[in-house]
Amino acid sequence: MNRFEGMVAIVTGAASGIGQATADRLAQEGAVVIGTDLTASATIRELNVAEEADWIRTIDQVRAEHGRVDVLVNNAGRGGSQWYHELDVEEWDRVINVNQRGTYLGMKHVLSGMVDAGRGAIVNVASIFATHAVAGNSAYHASKAAVVGMTRNAAVSYADRGVRVNAVAPGWIDTPLTALQPSELNQSYIDATPMRRGGVPGEVASAIAFLAAPEAAFVTGTVLHVDGGYRAT
Amino acid sequence: MARPRGAVAVVTGAASGQGLLTARALASQGARVVLVDRDEHVYEAAELCDGTAIVGDVSDPRMWDRLVQDTTRDLGEITALVNNAGVFRVGDIATTDPREIDLLYRVNQLAPMLAARAVVPSMRRARRGSIVNISSTAGLCGRAGAVAYTATKWAVRGLSRALAAELAPDIRVNTVLPGLIDTPMAAANGFEVNTGIVANTPLGRIGAPAEVVPATLFLLSDHASFLTGTEIVVDGGLSA
Ligand SMILES: NC(=O)c1ccc[n+]([C@@H]2O[C@H](COP(=O)([O-])OP(=O)(O)OC[C@H]3O[C@@H](n4cnc5c(N)ncnc54)[C@H](O)[C@@H]3O)[C@@H](O)[C@H]2O)c1
Ligand SMILES: NC(=O)c1ccc[n+]([C@@H]2O[C@H](COP(=O)([O-])OP(=O)(O)OC[C@H]3O[C@@H](n4cnc5c(N)ncnc54)[C@H](O)[C@@H]3O)[C@@H](O)[C@H]2O)c1
């Protein structure tokens, strides 16, 4: 398939896991992909999603080089595992700054160009924990629920200007992020997943690509779970 | 889309609207398609897909037994099922004829369960299968004047999720929830109601049936290998 032929896509957190798989998928399907992350490399541009100045610089560069942005995937994210009574404000801010503020800044800085062009697609990466609670994980839950709220609001706000905004809500996915977690914790998520396995990043990339593609022209404001059945039970 | 060779797909309500386009898209990807409808136009539809037409009532369990028997004998194990056939009626609950309530229940709610019941043993033998049930945005909210339809479309979501849990990992079950889509069914609403729905749809228009098909095909495909018990809403933002 070549659903993204001639399109320009920005993916955040593209050096690892789901972001890397998404950047690869969009590129395979014809997009010019600008992969971004905290540290630059041969294929990655530096963009800390929590820093507005980084967004301004990156969007200016991409517009100068390619004229526009057709697709934004707000994927960069970080975990946070404490309970509220143990969570200090600095850790709360770290999680909220990347997951929530980063998503807001990304949308803010691509939307004006998308509105001018009369088209665009944004896919935000939420989590099953946006809609489903496990104990602990407080700031992460809050930030991912915010991602869902921002997705729905932006979808309704920009629909008549040609911009679609959707989210994916991954379940447990085998990435460097989850590899850092205790193995008993990881096993408990897999045990609670009807498919009895974790997902691989490419399986989330497929759902992101579907939502970003022109074939999803009538899909906006939705949250697509990619979770092996976790939420269904 | 990555589609295993030898896919055998059953699509209900395939004589018209979204079902017909779904069947055609599956056929163009190389699947062998069995098209079911109570409407005899399904013969012409099947010709377009080089598929097999079955004229029958999806709420009849014997129809499903025969379909599975004939299909597995002639084409092999069934690997995809799209429960798309549906009926829509408007009406005030106090004045709705009980036979009409029964019809909506049988076609929209009972039939997908009978279909799954009949088809799952074949999918289990194939060790793979993907089922897509077509609900509606009526299954996400409460709509006055369409109580029976609303209740049956909520039931479809419950069916999908319970089946997903029961049939994992080899068989995936997901739901597509269309908003207002330009088919003969939508015409039953009447102009005024549809104008109101379009006004509430952020994208500001009715959807084309061809815009629902990619969601169904994605869920059926191997690209959706980690999606089960989930839902794709195709409604122009109506329910956001
Ligand atoms: N892995 C899972 O099970 C899972 C489940 C649900 C949701 N998610 C979400 O998916 C997204 C990707 O996660 P992953 O599992 O691929 O993780 P990952 O750790 O493999 O990749 C995340 C990437 O984001 C980058 N990043 C972190 N903070 C950043 C910042 N401030 N600016 C720019 N980049 C930053 C990291 O450097 C890393 O490369 C995250 O939003 C995560 O919350 C993951
Ligand atoms: N059109 C919309 O606005 C809309 C919105 C939400 C959901 N849906 C759903 O989408 C699905 C497809 O609807 P459509 O819009 O293509 O409508 P449609 O009326 O064009 O097609 C429905 C098909 O189902 C067939 N059918 C009805 N009862 C049957 C039975 N007992 N046995 C066999 N076949 C039977 C009909 O003959 C018809 O061919 C339905 O489940 C419907 O509820 C439609």
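Chain A is the first sequence line, chain B the second, and so forth, proteins listed ahead of strands; every chain is numbered from 1. As the structure is a prediction and not an experimental result, all values here were calculated from the model.
Other residues, nucleotides and ligands place no more than 12 heavy atoms under 6.0 Å from the CZ atom of B/R117. Residue-environment remark: NE2 (A/H132) exceeds the threshold of 12 foreign heavy atoms within 6.0 Å. Sparse packing is recorded around CD of B/E192, with 12 or fewer heavy atoms of other residues, nucleotides or ligands lying under 6.0 Å away. Counting non-hydrogen atoms of other residues, nucleotides and ligands closer than 6.0 Å to CG of A/N2 gives a total above 12.
For A/T222, the part lying under 4.5 angstrom from a heavy atom of chain B is the side chain only. Proximity to chain A (any heavy atom under 4.5 Å) is shown, for B/A224, by neither the backbone nor the side chain. Heavy atoms of B/L180 lying under 4.5 Å from chain A belong exclusively to its backbone. Residue contact with chain B, scored on non-hydrogen atoms closer than 4.5 Å, is absent for A/R161. For chain B, the nearby parts of A/A207 are the backbone and the side chain; heavy atoms of each come within less than 4.5 Å. The part of A/T193 that comes within reach of chain B is its side chain, from C-beta onward, which places non-hydrogen atoms under 4.5 angstrom from that chain. No part of B/R157 comes within reach of chain A, as not one of its non-hydrogen atoms sits under 4.5 angstrom from that chain. Heavy atoms closer than 4.5 Å to chain B are found nowhere in A/V200, neither backbone nor side chain. For chain B, no part of A/L211 is nearby; none of its heavy atoms comes within less than 4.5 Å. Of the atoms belonging to B/I171, not a single heavy atom falls under 4.5 Å from chain A.
Heavy atoms only, all atoms of each residue included: B/A240 and A/V156 are closest at CB-CG2, 3.8 Å. For the residue pair A/R152 and B/S239, the shortest heavy atom distance occurs at NH2-O, 3.5 Å. The two residues A/V219 and B/V233 have their closest heavy-atom pair at CG1-O, 3.5 Å. The heavy-atom pair separating A/M195 from B/T228 by the smallest distance is CG-CG2, 4.0 Å. In terms of heavy atoms, B/A164 sits closest to A/P194 at O-CB, 4.4 Å. In terms of heavy atoms, A/A217 sits closest to B/L203 at O-CD1, 3.4 Å.
With A/F210 as the fixed residue, the side chain to side chain contact (heavy atoms under 4.5 Å, CB included) test singles out one of B/I232, B/L217, B/L227: B/I232.
Within the 3.5 Å criterion, the main-chain N or O of B/A168 finds no donor-acceptor partner in the side chain of A/R196.
For the atom pair CH2 (A/W172) and CZ (B/F226), the distance works out to 8.5 Å, reported to the nearest 0.5 Å. The distance from atom OG of A/S206 to atom CZ of B/F218, rounded to the nearest 0.5 Å, is 5.5 Å. Put simply, CD1 on B/I181 and CZ on A/F218 are 5.0 Å apart, with the number rounded to the nearest 0.5 Å. Interatomic distance, B/H223 NE2 to A/R25 CZ, rounded to the nearest 0.5 Å: 6.0 Å. A distance of 7.5 Å separates CG of B/L219 from CG of A/L224, quoted to the nearest 0.5 Å.
Ranked by heavy-atom pairs shorter than 4.5 Å toward chain A, the options B/S225, B/G207, B/A165 are led by B/S225. No other option in A/A209, A/A216, A/A232 has as many heavy-atom pairs under 4.5 Å with chain B as A/A232. Residue with the most contacts toward chain B among A/D227, A/D160, A/V223: A/D227 (heavy-atom pairs, distance under 4.5 Å). By number of non-hydrogen pairs under 4.5 angstrom with chain A, the leading residue of B/E166, B/R161, B/E211 is B/R161. The choice from B/P169, B/G236, B/G229 that makes the most heavy-atom pairs within less than 4.5 Å of chain A is B/G236. Taking B/R205, B/R172, B/E231 one by one and counting their heavy-atom pairs under 4.5 Å with chain A, the maximum is reached by B/R205. Taking chain B as the reference chain and counting heavy-atom pairs below 4.5 Å, the highest number among A/G228, A/G202, A/G221 is found for A/G228.
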